[in-house]
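Taking it in order: structure first as structure tokens, then the write-up.
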Number of protein chains: 2
Amino acid sequence: MKWSELSDNWCPVARTLSVLGDRWTLLILRDCLLGLSRFEQFAESSGMTRHILADRLKRLVEAGILVRNPYSEAPKRYDYILTEKGQELAPALMTLRDWGKKHLPVRRASTS
Amino acid sequence: MKWSELSDNWCPVARTLSVLGDRWTLLILRDCLLGLSRFEQFAESSGMTRHILADRLKRLVEAGILVRNPYSEAPKRYDYILTEKGQELAPALMTLRDWGKKHLPVRRASTS
DNA sequence: CCTAGCAAGTTCCGAAACAGCACTATAAGC
DNA sequence: GCTTATAGTGCTGTTTCGGAACTTGCTAGG
């Protein structure tokens, strides 16, 4: 089964995953909720390749989760702002964060 | 950046995604929470290939989210049971489900 | 004994996605 | 007219994925 076919699945969890079911998309949204909005900021914060970032931003805009907003006319520049639909993903990010904090402690030497 | 490198990220959301940040893993957990436990059940329910399913189950066991439980000795057979750690992902699934129900209605002809 | 069936995987190959890096486009500043 | 800043694209090799067949270990039937 293809990823895209999930979007018509009977299960709302599956449909949700059809939009944000890869490792990078939720990281972009995390950054958005932290106040980031620009391509270069996302690229640096998440460490993903620019190629993937561009693709995921496009998908998120198509899904109505972000809007591509021109913030500069002179050299045409765009940043990405959460829609209300996107902001309502905050609770989901919170529950994932809480689970991670509880069950996936950092395995660095500094923590022990 | 590689997927696996996320597991040491400072951000708990990123660490969580290092475990369940692909399209299929959360579907397996959804099925577990619905009471499924066997390989063939997961394969049929989610529609993923057996190859990927086997890989994801292995990862989930390694992550301590599922346990591989022998339920038959005669022909060695195993099923997969949620640990407490895994059950605590239920709230996360709920929030994703709620968001999907609200923002991603099924696009079938029957809905219009 | 021989074959079929069930369940949990494993193997193989072509297709798609990804990582890494360089490159483009447009304009501002020196 | 050269450098810097920003938002992407192109290119190339590697990794992962999708689909279907095959394996293993046992049971049931003829």
Side-chain angles (χ1 to χ4, degrees), chain A residues 1-9 14 17-28 31-32 35-63 66-82, chain B residues 1-9 14 17-28 31-32 35-63 66-82:
Chain A
M1 181 191 280
K2 295 286 178 52
W3 183 14
S4 52
E5 295 172 29
L6 282 177
S7 57
D8 276 325
N9 199 283
L17 292 175
S18 77
V19 177
L20 34 85
D22 75 296
R23 19 192 182 315
W24 302 119
T25 302
L26 280 168
L27 286 184
I28 296 175
D31 287 344
C32 288
L36 305 191
S37 65
R38 296 190 188 175
F39 192 93
E40 300 293 333
Q41 292 175 324
F42 296 133
E44 186 184 10
S45 166
S46 64
M48 82 181 80
T49 64
R50 316 168 64 72
H51 208 102
I52 304 299
L53 175 56
D55 179 72
R56 294 301 185 274
L57 288 172
K58 196 181 298 177
R59 290 186 197 215
L60 286 168
V61 169
E62 284 170 5
L66 297 177
V67 285
R68 190 161 177 267
N69 169 252
Y71 70 88
S72 160
E73 277 301 325
K76 278 276 188 185
R77 292 290 148 72
Y78 300 90
D79 60 2
Y80 294 86
I81 310 294
L82 282 170
Chain B
M1 180 190 279
K2 296 283 177 52
W3 184 12
S4 53
E5 294 172 30
L6 282 176
S7 58
D8 277 326
N9 198 283
L17 291 176
S18 77
V19 176
L20 35 85
D22 76 294
R23 19 194 183 315
W24 301 118
T25 303
L26 280 169
L27 286 184
I28 296 174
D31 287 344
C32 288
L36 304 191
S37 64
R38 296 190 187 174
F39 192 92
E40 300 293 333
Q41 291 175 325
F42 296 134
E44 186 184 9
S45 166
S46 64
M48 81 180 80
T49 64
R50 315 167 66 72
H51 198 105
I52 304 298
L53 175 56
D55 180 73
R56 294 301 184 275
L57 288 171
K58 197 180 297 176
R59 291 187 198 213
L60 286 168
V61 169
E62 283 170 6
L66 296 177
V67 286
R68 190 160 176 267
N69 168 252
Y71 71 88
S72 159
E73 277 301 324
K76 278 277 188 185
R77 293 290 148 73
Y78 300 91
D79 59 2
Y80 294 87
I81 310 293
L82 282 171

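Within every chain, numbering begins at 1; the chains are lettered A, B, ... in the order of the sequence lines, protein sequences first and strands thereafter. Treat the numbers as computed from the prediction; the structure is a model and nothing was measured.
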Review point. Of all heavy-atom pairs between A:C32 and A:F42, which one has the smallest distance, and what is that distance?
Key: SG-CZ, 3.7 Å
Review point. Any Lys/Arg nitrogen of B:D79 or B:R68 sitting under 4.0 Å from an Asp/Glu carboxylate oxygen of the other?
Key: no
Revision key, fill the gap. Taking C:dG9, D:dC26, D:dT6 as options, the one with an atom nearest any side-chain atom of B:A74 is D:dC26
Practice item. Specify the separation, in whole Å, of atom CG of B:L53 and atom C1' of D:dC17. Key: 14 Å
Review point. Quick one: A:Y78 OH to C:dT26 C1', roughly how many Å, whole number?
Key: 12 Å
Point to revise | Distance-only donor-acceptor test, A:R38 side-chain atoms vs D:dT6 base atoms, 3.5 Å | key: no
Check your understanding: Which of these nucleotides, C:dG9, C:dT26, D:dC26, is closest to any side-chain atom of A:P75?
Key -> C:dT26
Exercise for review: Return the value, rounded to whole Å, for the distance between atom CG of A:D79 and atom P of D:dA7.
Suggested key: 8 Å
Practice item. Name all residues meeting the salt bridge (charged side-chain N to carboxylate O under 4.0 Å, His left out) criterion together with B:E62; count only those two or more places apart in sequence or in a different chain, and write none if there are none. Key: none
Review point. With a 4.0 Å cut-off on heavy atoms, is A:F39 in touch with a base, just the backbone sugar-phosphate, or nothing at all?
Key: base
Review point. What integer distance in Å separates B:E40:CD from C:dG5:P?
Key: 15 Å
Review point. Does B:Y71 have a side-chain nitrogen or oxygen under 4.0 Å from the phosphate oxygens OP1 or OP2 of C:dA7?
Key: no
Kindly give the atom pairs (protein nitrogen or oxygen, nucleotide nitrogen or oxygen) under 3.5 Å for nucleotides 18-23 of chain C.
| from | atom 1 | to | atom 2 | distance (Å) |
| --- | --- | --- | --- | --- |
| C:dC18 | OP1 | A:R56 | NH2 | 2.5 |
| C:dC18 | OP2 | A:R56 | NH2 | 3.3 |
| C:dA19 | OP1 | B:M1 | O | 2.9 |
| C:dG20 | OP2 | B:M1 | N | 2.6 |

Review point. Does a side-chain N or O from B:R68 land closer than 4.0 Å to OP1 or OP2 of C:dG9, or not?
Key: yes
Study note, to complete from the structure: Which of A:V61, A:V67, A:N69 passes side chain to side chain contact (heavy atoms under 4.5 Å, CB included) with A:Y80? It is A:V61
Check your understanding: Roughly, in whole Å, what's the span from CG in A:L66 to P in D:dA7?
Key -> 14 Å
Point to revise | Polar pair under 3.5 Å, donor/acceptor by atom type, side chain B:R77, base C:dA7 | key: yes
Check your understanding: OP1, OP2 of D:dT6 versus side-chain N and O of A:Y80: anything below 4.0 Å?
Key -> no
Practice item. Figure out the CG/P separation between A:L57 and D:dT6, and round it to whole Å. Key: 16 Å
Revision key, fill the gap. To the nearest angstrom, the CD-P distance between B:Q41 and C:dG9 comes to 13 Å
Exercise for review: Take the protein atom CG of A:L36 and the nucleotide atom P of D:dA7, then report the distance between them rounded to whole Å.
Suggested key: 12 Å
Practice item. Using the side chain to side chain contact (heavy atoms under 4.5 Å, CB included) rule, take A:V19 and A:T25 through it: C-alpha gap first, then chi angles, then the decisive distance, then the call. Key: CA-CA 8 Å; A:V19 177; A:T25 302; 5.7 Å; no
Check your understanding: Would the number of heavy atoms belonging to other residues, nucleotides or ligands and lying under 6.0 Å from CD of A:E5 be above 12?
Key -> yes
**Study point:** N/O donor-acceptor pair under 3.5 Å between B:Q41 side chain and B:S37 backbone
**Key:** yes
